[in-house]
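First the structure, in the form of structure tokens, and then the observations on it.
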Amino acid sequence: MKIDAVAVTSSDMEKTLMFYTLLGFKFNKTAGEHVEPKTPNGSSRLMIDKKDFIKQLTGETPEPGSGSAFAINYDTSDEVNSIASKLTESGFKVVQQPYDAPWQQRYCIVQDPDGYKVDLYSNL
């Protein structure tokens, strides 16, 4: 068994795609109800769906949880620091600024435009 995909919803797809592009995702398709960026082989897929589309499917308005939706492992601490800075400069929220965590990771938490939290880290 393996986790194949993680999903978030978007009320403003353009803004959401800008956020995830700053995290390093590359998108071939940038419009529609459902968007998936390219991910490296062996990596879980990221699925981004319009909030209204998911409400039609489930009958409920999707809401992010209070914890992180998923985590991204970067190669270096500099990448984590750089991405957090770019997000801040672009007006996105950094919940926890990068720091050297006791579990031996450069670690931070960021939040997408709809409130989904994403952990960014690299091993020290």
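Fair warning: this is a prediction, and the values are worked out from it, not measured in the lab. Sequence positions, counted from 1, serve as the residue numbers for this chain.
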For this session: Before giving the answer on side chain to side chain contact (heavy atoms under 4.5 Å, CB included), spell out for Val8 and Val6 the whole-Å C-alpha distance, their side-chain angles and the decisive distance to 0.1 Å.
Result: CA-CA 7 Å; Val8 298; Val6 294; over 6 Å; no
Exercise. Looking at OG of Ser43 and NZ of Lys38, how far apart are the two atoms once the value is rounded to the nearest 0.5 Å?
Worked result: 12.5 Å
Exercise. Ala101: what forms a side chain to side chain contact (heavy atoms under 4.5 Å, CB included) with it, not counting sequence neighbours?
Worked result: Tyr99, Trp103, Tyr107
Exercise. Can you find a heavy atom in the side chain of Pro98 that is under 4.5 Å from one in the side chain of Val80?
Worked result: yes
Exercise. So do Thr39 and Ser44 actually touch side chain to side chain, heavy atoms under 4.5 Å?
Worked result: no
Exercise. Does anything in residues 66-96 pair up under ring-ring contact (aromatic ring centres under 6.0 Å, His included), and if so which pairs, sequence neighbours excluded?
Worked result: Phe19-Phe92
Problem set entry | For Pro37, all residues meeting side chain to side chain contact (heavy atoms under 4.5 Å, CB included), sequence neighbours excluded | Phe25, Phe27, Leu46
Problem set entry | Pairs flagged by salt bridge (Lys or Arg N to Asp or Glu O under 4.0 Å) wherever residues 105-124 is involved - sequence neighbours left out | Lys51-Asp114, Asp100-Arg106
For this session: Mind checking side chain to side chain contact (heavy atoms under 4.5 Å, CB included) for Ser85 and listing every partner two or more places apart, or none if nothing turns up?
Result: Glu89
Problem set entry | Partners meeting side chain to side chain donor-acceptor pair (under 3.5 Å) with Asp4 (sequence neighbours left out) | Arg45
Problem set entry | Minimum-distance pair of heavy atoms, taken over all atoms of His34 and Met47 | CE1-CB, 3.7 Å
Exercise. Knowing that exactly one of Ile83, Leu23, Val110 qualifies, which makes a side chain to side chain contact (heavy atoms under 4.5 Å, CB included) with Ile72?
Worked result: Leu23
For this session: Find the distance between CG (Leu17) and CG (Asp12) and round it off to the nearest 0.5 Å.
Result: 9.0 Å
Exercise. For the residue pair Ser122 and Asp75, what are the closest heavy atoms and their distance?
Worked result: CB-C, 4.2 Å
For this session: Find the distance between SG (Cys108) and CG (Asn81) and round it off to the nearest 0.5 Å.
Result: 8.0 Å
Exercise. Which residues satisfy the side chain to side chain contact (heavy atoms under 4.5 Å, CB included) test with Lys86, sequence neighbours excluded?
Worked result: Leu22, Ser82
Seminar exercise, completed: Note: with side-chain heavy atoms under 4.5 Å as the link, the other cluster members for Phe53 come out as Ile54, Leu57
Problem set entry | Flag side-chain contact, heavy atom, 4.5 Å: Asn73 against Tyr121 | yes
Problem set entry | Identified side chain to side chain contact (heavy atoms under 4.5 Å, CB included) counterpart of Tyr116 within the set Ile48, Thr16, Thr9 | Thr9
